[in-house]
Participant: 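Got a structure for you, written out below as structure tokens; questions coming shortly.
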Amino acid sequence: MYYQSGREMLRMARIYQDEGALESAYFLFLRYITLFLEKILMHPGHKEVSKEVRHEATKSLKSIIPIAEELKKILEVTYQQDYEEWLKQEELLKEERKRKEEEEAEQKKRAEQQPIGGDGMKIPADGYSPPPSSKGLLDDGISYDFLQAPTTKTPTIDRQDTQYSSCRNLLNYTNDMSLKPSSCVRRVVLPSALIPRFMSLAEKNTKANKETCGVLAGKLAQNCLRMTHLLLPQQEGGPDSCITRNEELLFDYQDRYDLLTLGWIHTHPSQTAFLSSVDLHTHSSYQLLLPDAIAVVVAPKHQQRGVYSLTEHGMRFLTACHQQGFHTHPSEPPLYKEASHVEFSEEGALEVADFRR
Ligand SMILES: [Zn+2]
Ligand SMILES: [Zn+2]
């Protein structure tokens, strides 16, 4: 299982790298390296994995470490530039504040020296006065915009500040597997043929009160995940379970067509559409790899369909819950929600690869 998700991780990292999302690419490469160096080599089952698979993984590890190091160098330069820019802005703000204070002190002094009503300036009751020396400043070649800067510039600086700290967090990477490459999810587009097509492929099982499950696969383009393939693995369905077999066939197929795993779909032949505790744990491993991953549930008997994703709380909770089989989770705060980043589209064909036959 580790080896399969490793392949998915690398596929994703290379796409990020190609798209210029270097932070995300670096993060995934790092996660892959950590997974192999720390988790797999120490995993009790790692000796059972075939020599070829391990050899393949070690080989790719050797090619990835230099790439990750290169990315790190690029990112460090970028962060350093960001940081210097941030320092410069801070310096400007400080100077400006100082200038303002001096100006105010100057005005105060003048107001004290000249009696109100004379040739001097009137100081309004609220203490505000137009800067008398602004013309002089303009003559000194400093633009008026600059004088206006504190109100308009402050939000920008705040944003840079938070950006800067998030970069620092990334560099101080820890082994927290729940960290995401990016906190904002991308749009996922599903072909509208998906539900009717899947229902007809599942019909025989549904009539026999057996679940059917499938994998939603597709491509990332212009920061949008478009589902193109429905993959049905070899499986054994029960009334409330679906066990898959020989998943390597699926992974090989995905490698061949360069398909990302965007989520999964399954039927509830007699129940309503929701995610059971087992479904939630299954889905957390999808969403760990791809924060935008979705779970589709089709409940033909109730004519319901749900498209779900885990909440941030859900991700944290499920990663920490080690119970197996059906068990109860607290219902509040919610562990999952209707996915709002998903849309159905008439455009684009849907390919089906059915490995059950
Ligand atoms: Zn289910
Ligand atoms: Zn649990």
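Values below: every heavy atom of this structure, side chains too, minus hydrogens, waters and symmetry copies. Ligands are counted one by one from 1 in listed order, and the atoms in each one are counted from 1 as well. Quick caveat, the model's predicted, so the values are computed rather than measured.
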Participant: Rounded at 0.5 Å granularity, tell me how far OG1 in Thr261 sits from CE in Met227.
Facilitator: 11.0 Å
Participant: Please report, to 10°, the angle around the Zn ion (ligand 1) from atom NE2 (His266) across to atom NE2 (His268).
Facilitator: 100°
Participant: To check your reading of the site, what angle at the Zn ion (ligand 2) do NE2 of His329 and SG of Cys321 form, to 10°?
Facilitator: 120°
Participant: Distance only, no hydrogens: is a donor on one side chain within 3.5 Å (strictly under) of an acceptor on the other, for His268 and His266?
Facilitator: yes
Participant: Using a distance threshold of 2.8 Å, state whether an N, O or S atom of Asp279 lies below it from the Zn ion (ligand 1).
Facilitator: yes
Participant: When you measure from the Zn ion (ligand 1) to the N, O or S atoms of Cys242, does any of those distances fall below 2.8 Å?
Facilitator: no
Participant: Take atom NZ of Lys337 as the centre, draw a 6.0 Å sphere, and report whether it contains more than 12 heavy atoms from other residues, nucleotides or ligands.
Facilitator: yes
Participant: Taking NZ, NE, NH1 and NH2 as the nitrogens, is one of them in Asp292 or Arg187 under 4.0 Å from a carboxylate oxygen of the other?
Facilitator: no
Participant: Given the Zn ion (ligand 2) as the apex, I'd like the angle to NE2 of His281 and NE2 of His327, rounded to 10 degrees.
Facilitator: 110°
Participant: Is it the case that the side chain of Gln287 and the backbone of Leu310 share a donor-acceptor pair, with hydrogens and angles ignored and the cut-off at 3.5 Å?
Facilitator: yes
Participant: Could you tell me whether any N, O or S atom belonging to His322 is less than 2.8 Å from the Zn ion (ligand 2)?
Facilitator: no
